Amino acid sequence: MNDITFLQQYWWFLVSLLGALLVFLMFVQGGQSLIWTLGRTEEQRRMLLLATGRKWELTFTTLVTFGGAFFASFPLFYSTSFGGAYWVWVAILLCFVIQAVSYEFQLRRGNVLGTTTYRIFLLLNGILGPLLIGTAVGTFFTGAEFVVDKAAVASPAMPVISYWVTPWHGLEAVLVPQNLLLGLSVLLLTRVLACLYFQGCMADETLRENCRRRLRIESALFLLFFLSWLVCWLLSTGFAYTPDSGVVHMEPYKYLHNLLEMPGVAALLLIGVLMVLGGMAGGIWGQRRSFWLAGPGSVLAVLALLLCAGWNNTAYYPSVASLQSSLTIANSSSSLFTLKTMTIVSFIIPLVLAYIAWAWRALDRDPITAEETKDEH
Amino acid sequence: MDAIDSSLVDWSRAQFALTAMYHWLFVPLTLGLGVVMAIMETLYVRTGREFWKQTAKFWMKLFGINFAMGVATGIILEFEFGTNWSNYSWFVGDIFGAPLAIEGILAFFMESTFIAVMYFGWNKVSKRAHLASTWLTIIGATISAWWILVANAWMQHPVGMEFNPDTVRNEMVDFAAVAFSPVAVVKFCHTVSSSWVLGAVFVVGVSCWYLLRGRHREFALSSIRVAAWFGLFAALITAHTGHQSGRDIAMYQPMKLAAAEGLYEGGTEQALVLGGLLRPGADWTAASGDDRFLLKVEMPYALSYLATHDLQGYVPGIRNLLEGGYKLPDDSVALSAEEMMKRGRMAIDALAQYRAAADAETKATALATLEENFPWFGYGYLKSPGELVPPVPLTFYSFRIMVVLGGYFIALFAGLLLLGQRVTRWKWAQLAVVLTIPLAWLASQAGWVVAEVGRQPWSIQGLLPNVAAISKLDVGSVQTTFFIFLILFTLLLVAELGIMGKAIAAGPETDQTSA
Ligand code: HEM
C-alpha cells in the first residue's frame, strides 16, 4: 500500500471500471433513443419508459461517481479536461440535466411543457449522452488541445496552470473521425444493450418482437463502426512515456503493443467482445437472457480498452498541443496519502454492488405488463 | 503577459452562485420532507393503518417531484469545480476530491438504489424491506450532505494539509482532520437541522392549505402533529448550532463576522446588532468615515459573549482586521493586511525561485522563505487590502433575515402544538402558516449567502482567492453558459411548481380510509 505506482495503477483500474460500468448502464440512454422506434403505441412507450425509468438513476449516479472518483484520484485530469474542453462537458451535463427531470415530469399533470417535450428530452439525452461521452473518451487515444504549466501558480497575474489552445474548447474533438467512430460505437452499443434489456423484461410479445427485429439493424451498424474504430486504434501511433524521466513520446502501434504486452488485458478484450457478439446473436435468436451476456461483456471490453489507455506507460490524456503536457497516471494523480485513504474507502464498493444487485433483482423479478404502467407511484 | 479578466471572475462566481442557489431550492426539501415521509411510513408499519400508508405516499409523491430537480441541478455542481474552477481543482484537488468521491460511493448509490425500491417496490418487497428502503433513501441523502459539507467546511477553514512545492498544490496529510473537522460537524448539524425546519414548514403549510379549503381534515391534522413536533425539535437544534456557527466564524473567519454584524470599529464589550439599517453607499473599506448605520437596535455585550464567551471579550471590526495591531487570542499581534500581502508575495516569489533554481543551495533558501511565509500565500494574489472586505450590506441583512426567521419558526411550531385541533377554527392562523412556506426558503438561502458571500474574496479562506482559482476561459463562454443555466433551470422550476401545485390540489388518497 505504500507504493504510489501500485496505487496509481489500482485507481486507474477503478476509474476504468466505473467508466466501463457507465457504458453498460447507458443501456438506459440506448432505450430512450429508441422510444419511438420500438414503441408503436402509447402503451408500449409507457412500458419502455417504465423499464428504463427504474434504472436511470443508477446510470446517472455512476456518471457522477465517475466524475468524483476521477477528481479524487487524478485531479489534474479533472481540472485540465473539464476546465478546458468546456463546451463538450457542458453539453454532456446539459443532456443529463434534462434527463433528470423527464421521467418524473413526463406524465404528471401541470408539467407546462407537455409529455412530448419531456420525451424529446429523453431522446436527446439518449442520443447525445453516449455519443458525446464516447467522443470525449476517444480523445484518450487521439489527444486533446491543452497546455499544462504548473509554474504558472507563481505568477499572480495569470496563475492558471492549464488551458486550452483552441477557442472551440473541446468541440474540435468531434471533427476527428476516430473520436466520432468511437462515439457512434458507444451509441450503437447502448442501443443494442437496450434491445436486449427490453427483450428480457417485457411481458408484451409484440414489443419483444420489435426489439428482436431492431436488434439486427443495430448490431450490424455497431459492428461496422466498432470494428472500423478498432482497426484504426490498433494501427494508430500512440502516446507513450518513459517511466523514469516521465518524458512523453510517440510510439507506432502503441495500443497494439499494449495488448501484446498485457496479455491479461488482451484476454479481457477478447472475452468481452465475444460475449457481446454472443449476446447479440442470442438476442436475434430470441433468447431472453442475452442482456446478461452482452452487458457484462461490454463491461469487460470497455474496461480493457480503458486499461490500455492508462497502463503500460501510456499517456491516458495526451496533449497534441504540447506533448510534454500530456497526462499520465504518474504525473496527474493525487498524493500517496490521498490515494491510500481513498483505497480504504474503495473496499466498501462490494457492499454497494451487493445492495444494487438486491434492488435490481427485487424490482425486475416479474416482467413488465401494460397493467403496471397504470399505477402511478 | 496576459492577466485574469476581473469580469471572468465575476461571471464564474455568478454562475456558481446561480447553480448553487437553484440546487439549494431543492436539497433542503429533500432532507426535510424525506424524514417526514419516513416517519409516516414507520407509523404505517407500526399501526398497520392504510391511512398512514396513503399519507406517506402523498408526501413521497411530492418528494419525488422535488428530488428530480435536486438531481438535475446537482450534477452541474459536481462538475463545475472542474469546468469553472479548474485551478482550484488542481491546487486543492488532493484534499477536496476525496469527499466528493466518497459522497458518490457511500451516499449517492444508496440514495438512488433505494429510491427506486421506495417508488416501484410497494408490491415487490416486504413491508419492512420497503420501510428500510425509505429510510435508506433519506439516510443516503443525509450522508451525501455530510460529505459535501465536509468539503465546504474545509473551504471555510482549511485543515489537514501541507503545501508541496514540487507538485505545486496542497496535499492531504490528515484525513480525520478534514472529515471530522469541528467546523464541518457544526456546519452539517446546522444545515441539516435547518433543512428539517424547511421540510416541516412545508408540511404544515400544505396541510393548513387543506384546512383553509376545508379538505382532508384528518390528513392535515395528523400531518401537522407529526411535522410540528419534528419542526420544533429541528428549529431548536438550528438555533443552537447557529450559535455555534457564530463561534466558528468568530474564531476562523473574523472578517465574515464583522461583515455580518456591520462592525467597522471593534473593541471589547461589543454589542450585538439585533436589527438595523445601514447607510446606503457607505464605504466599508475606507480608512475612516461617518457612522455607517442609519439606525440600530443593540444588545449590550452580546457580540463579545457570542464570539469569545466573555462579556469583555475583544472582537475586531473591519478596520481592525485591515490595520492589524490588536492582540490575538494566542497573545501574538495581528498583522495588517498590507503586511500579509507583502508576505504572501514573498511566498509566491520564493515558489517561483524554488522552481527555477538550478542548484540545491538556492532551492533550499527559496524553500525556507516559502515555508516561512506560506501562511499568507493567498494574500500575495491580492492587489489592495480593500479586496479583503466582503459585501457588507448583503451579508448583514441576510444574517438578520435568517436569525429573525429562526426565532419565528420556533414560535410557529410551538404555537401549532399548543393550538392542536383548535387550529381548524382559526382561519387567519391557517393562512399565516401557508404564507410562511416561502419564508423557510428565504431563511435557508440567506444562510448560504452569509456563509459564501461573507467568505469573499476567498475560495479557500486565507489560502486561495477567487482570482487564482478559476478556469481560463473567455468571458463570453461563461456568460453564455450562465444564461443557458438560468433559462433552463427557470423553465424547469416553473414546470416543477406547476406539477407540485397540481399534485397538492389533487390531494392525498386518505379519504377512503379513516385516521
Ligand atoms: C436561529 C438562529 C440562527 C443562527 C444564530 C444562525 C447562524 C448561522 C451562521 C453564523 C451561519 C454562517 C456559518 C458559516 O459561515 O460558516 C449560518 C449559516 C446557515 N444557516 Fe443559519 N442560523 C440561524 C437560523 C437558521 C435558519 C432558521 C435556517 C433555515 C431554515 C438557517 C440556515 C442556514 C444555512 C442553510 C446556512 C449555510 C450553511 C452553513 O454555513 O452552515 N439558519 N447560520
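Just so you know, these numbers come straight off a predicted model, no measurement behind them. Lettering follows sequence order; numbering is per chain, from 1.
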Contact part of [X] toward chain B, heavy-atom cut-off under 4.5 Å: side chain, backbone, both or neither?
X: Tyr118(A); answer: side chain
X: Arg365(A); answer: side chain
X: Ile98(A); answer: side chain
X: Leu351(A); answer: neither
X: Leu113(A); answer: side chain
X: Val101(A); answer: both
X: Trp56(A); answer: side chain
X: Leu76(A); answer: both
X: Trp87(A); answer: side chain
X: Tyr103(A); answer: neither

What are the two closest non-hydrogen atoms of [X] and [Y], and how far apart are they?
X: Pro159(A); Y: Asn87(B); answer: O-ND2, 2.8 Å
X: Ala101(B); Y: Gly68(A); answer: CB-O, 3.4 Å
X: Leu473(B); Y: Gly83(A); answer: CD2-O, 3.4 Å
X: Ala100(A); Y: Ala68(B); answer: O-CB, 3.6 Å
X: Ala72(B); Y: Val97(A); answer: O-CG2, 3.4 Å
X: Ser89(B); Y: Pro75(A); answer: O-CB, 3.9 Å

### Task
Would you sort out whether Trp360(A) and Thr113(B) count as a side-chain contact (heavy atoms from CB on, under 4.5 Å), showing the intermediate values?
CA-CA 8 Å; Trp360(A) 189 302; Thr113(B) 304; over 6 Å; no
Contacting moiety of [X], where chain A heavy atoms sit under 4.5 Å:
X: Asn164(B); value: neither
X: Met500(B); value: neither
X: Ile484(B); value: side chain
X: Val92(B); value: neither
X: Arg169(B); value: side chain
X: Leu382(B); value: neither
X: Tyr88(B); value: neither
X: Leu491(B); value: side chain

### Task
Please lay out, stage by stage, how Val153(A) and Phe377(B) fare under the test side-chain contact (heavy atoms from CB on, under 4.5 Å).
CA-CA 11 Å; Val153(A) 168; Phe377(B) 187 86; 4.0 Å; yes
Any [X] side-chain heavy atom under 4.5 Å of [Y] side chain:
X: Ile65(B); Y: Phe105(A); value: yes
X: Ile102(B); Y: Met342(A); value: yes
X: Phe175(B); Y: Phe337(A); value: yes
X: Ile75(B); Y: Val64(A); value: yes
X: His169(A); Y: Asp474(B); value: yes
X: Tyr78(A); Y: Phe81(B); value: yes

### Message
Checking side-chain hydrogen bond (donor to acceptor under 3.5 Å, both in side chains) between Ser335(A) and each of Asp94(B), Asn170(B), Thr167(B), which is the one that passes?
### Response
Asp94(B)
Drop me the distance from [X]'s [atom1] to [Y]'s [atom2], to the nearest 0.5 angstrom.
X: Thr341(A); Y: Ile95(B); atom1: OG1; atom2: CD1; result: 11.0 Å
X: Lys150(A); Y: Trp90(B); atom1: NZ; atom2: CH2; result: 4.0 Å
X: Thr83(B); Y: Trp89(A); atom1: OG1; atom2: CH2; result: 11.0 Å
X: Ser471(B); Y: Phe82(A); atom1: OG; atom2: CZ; result: 11.5 Å
X: Phe109(B); Y: Ile349(A); atom1: CZ; atom2: CD1; result: 8.5 Å
X: Thr338(A); Y: Met161(B); atom1: OG1; atom2: CE; result: 12.0 Å

### Query
With a cut-off of 6.0 Å (strictly less than), are more than 12 heavy atoms of other residues, nucleotides or ligands near CD of Gln324(A)?
yes
### Query
Would you say Phe66(A) has more than 12 foreign heavy atoms packed within less than 6.0 Å of its CZ?
yes
### Query
Going by an N to O cut-off under 4.0 Å, is there a salt bridge joining Lys61(B) and Glu104(A)?
no
### Query
How would you list all residue pairs meeting side-chain hydrogen bond (donor to acceptor under 3.5 Å, both in side chains) that involve residues 479-503 of chain B, not counting sequence neighbours?
Tyr86(A)-Thr481(B), Gln15(B)-Thr481(B), Tyr22(B)-Thr490(B)
#### Entry: Qualifying side-chain hydrogen bond (donor to acceptor under 3.5 Å, both in side chains) pairs with a residue from residues 59-75 of chain A, counting only residues at least two apart or across chains
Thr61(A)-Ser112(B)
Tell me which of these, [options], has more heavy-atom pairs under 4.5 Å with chain A than the rest.
options: Gly498(B), Gly121(B), Ala469(B); value: Gly498(B)
options: Asp174(B), Val467(B), Leu497(B); value: Asp174(B)
options: Ser86(B), Gly501(B), Ala503(B); value: Ser86(B)

### Task
Show your working on side-chain contact (heavy atoms from CB on, under 4.5 Å) between Val117(B) and Trp358(A) and close with a plain yes or no.
CA-CA 10 Å; Val117(B) 180; Trp358(A) 170 80; 4.0 Å; yes
### Top contributor to chain B contacts, counting heavy-atom pairs under 4.5 Å, from Asn111(A), Leu339(A), Leu58(A)
Asn111(A)
### Query
Who wins among Leu94(A), Val112(A), Val160(A) for the most heavy-atom pairs under 4.5 Å with chain B?
Val160(A)
### Message
Between Phe67(B) and Glu57(A), is the side-chain contact (heavy atoms from CB on, under 4.5 Å) condition met? List the steps.
### Response
CA-CA 11 Å; Phe67(B) 188 82; Glu57(A) 283 189 65; 3.3 Å; yes
### Main-chain N/O of Phe120(B) paired with Arg54(A) side-chain donor or acceptor, under 3.5 Å
no
#### Entry: Ring centroid separation Phe114(B) to Tyr355(A) under 6.0 Å
yes
